[in-house]
Amino acid sequence: MTDGSSLTLESSVAAIDPRVANRRTGFRTKGPPAHDVLAESFGIGTVGQLLRHYPRRYIDRSATVPVGELRFRQGQQVTVIGRVKRVDRRVTRRRQSMVTVKLYDGTGTLDLVFFNQPWTAGTYREGIELAVSGLAAVYRGRLQLANQEVEVLRGDEAEKVHTGRITPVHSAAEGISTRTIRELVYRSLERLPVIDDPLPREIVADEALEPEDAALRAIHFPEDPSSLEQARDRLKFDELFALELGVAYRKRRVERTEKGVVHVSEGDLTRAYLAALPFDLTEAQQRAIKEVGEDLAARRPMNRLLQGDVGSGKTVVALYAALAAVQSGHQATIMAPTEVLAGQHSRTARMLMASVGGRDLVSSPARRPADDQPTLLDGLAAEERENGEAVTFALLTASTTGKDRQRVLEGIREGTVDLVIGTHALVQEGVEFADLTVAVIDEQHRFGVHQRVVLKEKGVHPDVLIMTATPIPRTLALTYYGDLDVSTLDEMPAGRRPVATTVVRTPAERTQAYERVREEVAAGRQAFVVCAAIDEANRLEVRAAEKEAERLAKDVFPDLRLELLHGRMRPAEKEAVMDRFRAGAADVLISTTVIEVGVDVPNATVMLVENAERFGLAQLHQLRGRIGRGNHPSYCILFDESHPDNSEARARLEAITRTTDGFELADEDLRLRGEGTLFDVRQSGMPDLKLARLAEDADLVRRARTRAFAAVDADPGLDRHPELLDLLRQSFSGEAIEWLFHS
Ligand code: ADP
Ligand code: MG
């Protein structure tokens, strides 16, 4: 036993057991002491942090076997306990030191061989009792244990840390072995008094959780597989509970402290708009409009996420929200991540708002020369305006310049512009609103709360609707985005045909794919060819697209009209290319992934994707969403250049051909790649999940969420539960603290 004095979770690792913590690593003489290496490599300085360095895996060394039986256990992981009968040392022909320790247990003799570890002869002396674990093997007729791990059993102490048990394997680093880490963890657990439970007693009892103390001990040194399972569940619950507690706390804080605007959600404008839509709303759209309407009419501010696949009709819902603001006498904005998307939204706005006198401030007839031919739209707008129903909107992007820009900014400031459609950046920067109460933030794939924070810094507290075309797996919507209410468009407008997707791997199939493009073009349709991102700066991507365009023009489609589009082109150039393609003046658009967002050309029915194996599932899904938008059958053809052994790439391509359901794909992506890689966790400083896996632990997520919300609802400021407030402060950091307590 060590000196017996106890440790706390705050104690330094150096205090655990000087013999271990200060043990020099490497060949036991060189290198810094173990506790320094831990701090350096893993940021572990305290005992508490050490205990959260959970094992990466376990080796079952619990089965103790008589040496006499080893012969029948070849290849199995076993443990042998015996006494050292003899130690031989010699130098091999290659001038390596070789120590052979003969271990006897009454049933047979086992050879333990150590190369280049001359000190073993001194450590494993004659008469000492050893426990040895490893894979049973026979070498030149003699019994051995491969990958042996040896432990000296001292007298009555006879504790087994490294052998004879389910042994943890912690990630190690240069200068510190998993064995040293294991020993440090063991010694610290030995000297720690009972570890306090971070969760309220009722929750532990009601959820039938292992006590924290037992769980932290068992996760490192489990008695058996079932106690390991229980320990893991308990610690996963802790992680998820802390996350959900933050989510619940923030959600209720915002709801309580911020006063939203009470909007008229059903008025003349919204009624006229909905009645005049040139199509029937899907049931999902009706549901979303109802949910958004209820939020807008309520006093508490809206904080809603609207998710739905590309083409599911989110913009219709966004415009409804904007019109509710306008009919309540306020302003609205729709912010998009790119200029192309902002342009797309403004075209949709012009079309769908014609019925309510929607008029674009910049291109409105009022500004045109009088001899301009009036259009049906102009007439409608004029008529509606007389009824006092006109809605003035303006597109504001980097391309809005000169006098137009002045007019737009002025209109926004004075309140004559009702709806501003723009890019995130523009709306954040020089714009002053007269009275903004509804902000729709189209995040497309990536999103955070930054736009919202910026708006608030400008003294604006609008109702916020965040739109995303990347379906979020349910578990993620309940955890990292769990403070938002969610509306889901899980239904496509009628008449959409699912895109037929195939994977191409042979030259013959490639030829067929080009044939398909010809057939479609001959039938009056259009095609996309997408080239993959190859380097980060997209330089190679641009070159790949340029080269591919050249090759296709020369060798494959000399008779077709091709256009090239890439991210290095100026916005005006890009827009011109898109206009030509949209107008049908080109048959094939060869592009980089810039077409991923905001391209709506219903006449395009084929998409070829080069190096599809380089794309993530979410991206492939987005790309594919560019076709199948019209009434014609569409085809997505993925060229796969991956190595046949690349099972992850194969699984991705298999999933994308199997289904067009974005939610199914999102779940699959989460399963294949884990939460860390796919989604930027919305801001830094959110608690990371070490043990919990969202794709697998849906049930624990639900349980933790229910308990966390119950705790916050019973005590919204957590005034009576300082320990839970502490838990939040410990689990969240950086930006997330701001999100949690202030923004
Ligand atoms: P999203 O923003 O979700 O990608 P949009 O709102 O841009 O989708 O809608 C895509 C296209 O479908 C638009 O041309 C829109 O006018 C049309 N649309 C939207 N809802 C419906 C519906 N219920 N029925 C038919 N067409 C619809
Ligand atoms: Mg859209």
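Both ligands and their constituent atoms are indexed starting at 1 by order of listing. If you read the sequence from its start, that first residue is 1, and numbering goes on from there.
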Problem - 4.5 Å side-chain heavy-atom contact, T660 and R624 - result: yes
Exercise for the section: Could you tell me if any non-hydrogen atom of D309 lies under 4.0 Å from any atom of ligand 1? Expected result: yes
Handout entry: Interfacing atoms of ligand 1 (cut-off 4.0 Å, heavy-atom, T282)
Key = 23 (N)
Practice task
Indicate, as side chain, backbone, both or neither, the part of Q285 found under 4.0 angstrom from ligand 1 when only non-hydrogen atoms are considered.
Solution key: side chain
Handout entry: Exercise: do E291 and S487 side chains pair donor with acceptor under 3.5 Å
Key = yes
Exercise for the section: Establish, from distance only, whether the side-chain atoms of E339 and T423 form a donor-acceptor pair under 3.5 Å. Expected result: no
Fill in the blank from the handout: Quick look: L489 vs ligand 1, heavy-atom contacts under 4.0 Å, and the answer is neither
Exercise for the section: Spell out, as yes or no, whether a donor-acceptor pair under 3.5 Å connects the side chain of Q331 to the backbone of V417. Expected result: yes
Exercise for the section: Looking only at distances, please establish whether an N/O atom of ligand 1 is found under 3.5 Å from an N/O atom of G313. Expected result: yes
Handout entry: D280 neighbourhood, listing ligand 1 atoms whose heavy-atom distance to it stays under 4.0 Å
Key = 22 (C), 23 (N), 24 (N)
Practice task
Taking only heavy atoms of V316 into account, list the atoms of ligand 1 that are under 4.0 Å away from them.
Solution key: 6 (O), 19 (C), 20 (N)
Exercise for the section: Please check if the side chain of K251 supplies one atom and the backbone of D485 the other of a donor-acceptor pair under 3.5 Å. Expected result: no
Fill in the blank from the handout: Sorted by chain and residue number, the side-chain hydrogen bond (donor to acceptor under 3.5 Å, both in side chains) partners of T659 (sequence neighbours excluded) come out as E664
Exercise for the section: Measure T315 to ligand 1 on non-hydrogen atoms and call it side chain, backbone, both or neither using the 4.0 Å cut-off. Expected result: both
Handout entry: Sub-4.0 Å heavy-atom contact, S312 with ligand 1
Key = yes
Problem - Geometric class of the H263/H330 ring pair [parallel <30°, tilted 30-60°, perpendicular >60°] - result: perpendicular
Exercise for the section: For ligand 1, indicate whether the residue T348 contacts it via side chain, backbone, both or neither (heavy-atom separation under 4.0 Å). Expected result: neither
